[in-house]
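Below is one structure, written out as structure tokens; the observations come after it.
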Amino acid sequence: MTSVRRRRASATGVSLHLRAGVILSALAGAALGALPARADPLPTPTVDFALKARLGGRVQVDMAHQGNRMRMEISNPAVPGTLLGFLNLDTRKVVLVSPSLPKMGVETDLPADFQIASLAGEGTRLGASEAAGEPCTLWRVEKSAQIAGPAVACITEDGIVLRTEVEIQGKTHIAFEALSLTRGPQKPELFLLPPGTRTMKIPNGGNLLPAPGLGPALAP
């Protein structure tokens, strides 16, 4: 009887030990799950490419990328002419050439609509998606200047933004969406200002050129 009792006591001790281990593991898992997801740098382009996209619905964008340079041609059916943007992705500056002032370039910080097409900052991965026939990763944007509200971006593994959704007053809007994408070398002359263009530096654009897709100047 003594031997049987000892075996039962031993089995009981093992069972209690295992239960304690399971409980501790569950508590540890819950604690880890409660921690916020780690923010990582958002992917930036590692290849040259050209794409066509929409800004805020009706505004059309032709974009070209080479190295640290990007060119955007923005057209709105409601506004005559094409707004040109020549971006430096290292300095996060842009030279804007308005159709109303074709020989004058305004150098300023990236307006919001250029930000959502060329994101920089930090984010957390949310999962996989697809846009313009390309696989991409969904990122919740944690830190990116000049984006008005919470944003989720669909970015390819080689750093191309294909879609950006922004929450404005509790509603989600597709602020930027690629329609087609072609990877490959781009002509260097695309990234040069039109001949004879004079450049003037104005902090924040001096409100001369509001955001082309969502601002009043080019709003659909």
Side-chain angles (χ1 to χ4, degrees), residues 41-56 58-123 141-149 151 153 155 159-161 164 166 168 173 175-176 178 185-220:
L42 294 170
T44 54
T46 58
V47 295
D48 296 342
F49 64 88
L51 63 75
K52 294 182 179 293
R54 281 194 298 257
L55 277 175
R58 293 171 52 200
V59 180
Q60 302 296 311
V61 183
D62 287 295
M63 182 186 301
H65 171 270
Q66 182 185 68
N68 69 337
R69 300 284 177 174
M70 188 176 285
R71 173 193 173 109
M72 296 177 71
E73 299 181 21
I74 301 177
S75 304
N76 188 322
V79 179
T82 300
L83 176 68
L84 296 179
F86 299 86
L87 289 68
N88 184 316
L89 300 180
D90 290 339
T91 63
R92 308 300 291 175
K93 300 287 185 180
V94 61
V95 177
L96 300 171
V97 181
S98 168
S100 60
L101 296 170
K103 295 299 181 181
M104 175 64 68
V106 175
E107 182 178 346
T108 184
D109 298 329
L110 289 185
D113 285 7
F114 292 91
Q115 291 274 354
I116 60 180
S118 55
L119 293 169
E122 296 181 352
V141 180
E142 305 291 353
K143 296 178 182 178
S144 186
Q146 295 191 20
I147 293 182
I155 309 176
I160 303 171
V161 178
T164 305
V166 179
I168 301 174
H173 300 266
F176 174 83
Q186 304 297 307
K187 296 179 180 179
E189 55 266 29
L190 286 175
F191 306 93
L192 301 176
L193 291 175
T197 301
R198 294 180 299 161
T199 302
M200 176 173 54
K201 294 183 179 181
I202 300 180
N204 299 319
N207 295 322
L208 294 177
L209 296 170
L214 303 177
L218 294 176

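Counting from 1, the numbers follow the sequence of the chain as shown. On a predicted model such as this, the values are computed, not experimentally measured, just so you know.
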(message) For a 4.5 angstrom cut-off between non-hydrogen side-chain atoms, does Val95 reach Leu193?
(response) yes
(request) Check whether any side-chain heavy atom of Ser118 lies under 4.5 Å from a side-chain heavy atom of Val161, and answer yes or no. (result) no
(message) Do Met104 and Met200 have side chains that approach each other closer than 4.5 Å (heavy atoms only, starting at C-beta)?
(response) yes
(request) Answer yes when Asp109 and Lys93 have at least one side-chain N-carboxylate O distance shorter than 4.0 Å, and no when they do not. (result) yes
(message) Within the 4.5 Å heavy-atom criterion, are Ile160 and Ile155 side-chain neighbours or not?
(response) no
(request) Please report the shortest heavy-atom distance between Leu83 and Ser98, naming the atom on each side. (result) CD1-CA, 3.8 Å
(request) Keeping the roles fixed (side chain from Asp48, backbone from Gly67), state whether a donor-acceptor pair exists under 3.5 Å. (result) yes
(request) Using atom types as modelled and distance alone, determine if a side-chain donor or acceptor of Thr108 lies under 3.5 Å from a backbone N or O of Ile202. (result) yes
(request) Could you check if a side-chain atom of Thr44 sits within less than 4.5 angstrom of a side-chain atom of Leu89, using non-hydrogen atoms only? (result) no
(request) Answer yes or no: is there a donor N or O on one side and an acceptor on the other, between the side chain of His65 and the main chain of Val47, under 3.5 Å? (result) yes
(message) Quick check: closest heavy atoms across Leu192 and Phe86, and the distance to 0.1 Å?
(response) O-CE2, 3.3 Å
(request) Kindly compute the distance separating CD (Glu189) from CZ (Arg71), expressed to the nearest 0.5 Å. (result) 10.0 Å
(request) Measure across Ala78 and Arg58 and return the closest heavy-atom pair with its distance rounded to 0.1 Å. (result) N-NH2, 4.3 Å
(request) Report yes if the side chains of Gln60 and Pro77 come closer than 4.5 Å at any heavy-atom pair, otherwise no. (result) no
(message) A side-chain contact here means heavy atoms from C-beta on lying under 4.5 Å apart; do Thr82 and Glu73 qualify?
(response) yes
(request) Could you tell me which residues satisfy salt bridge (charged side-chain N to carboxylate O under 4.0 Å, His left out) with Lys103, sequence neighbours excluded, listed by chain and number? (result) none
(message) Minimum heavy-atom separation for Gly85 and Leu96, please, with both atom names.
(response) CA-CD2, 4.1 Å
(message) If you compare all heavy atoms of Gln186 against all heavy atoms of Gln66, which two are closest, and at what distance to 0.1 Å?
(response) O-NE2, 2.9 Å
(request) Over all heavy atoms of both residues, which pair between Gly81 and Pro99 is shortest? Give the atoms and the distance, please. (result) CA-CB, 3.8 Å
(message) Using only atom types and a distance under 3.5 Å, with no angle test, would you say the side chain of Arg69 pairs donor to acceptor with the backbone of Asn88?
(response) no
(message) For a 4.5 angstrom cut-off between non-hydrogen side-chain atoms, does Asp62 reach Met72?
(response) no
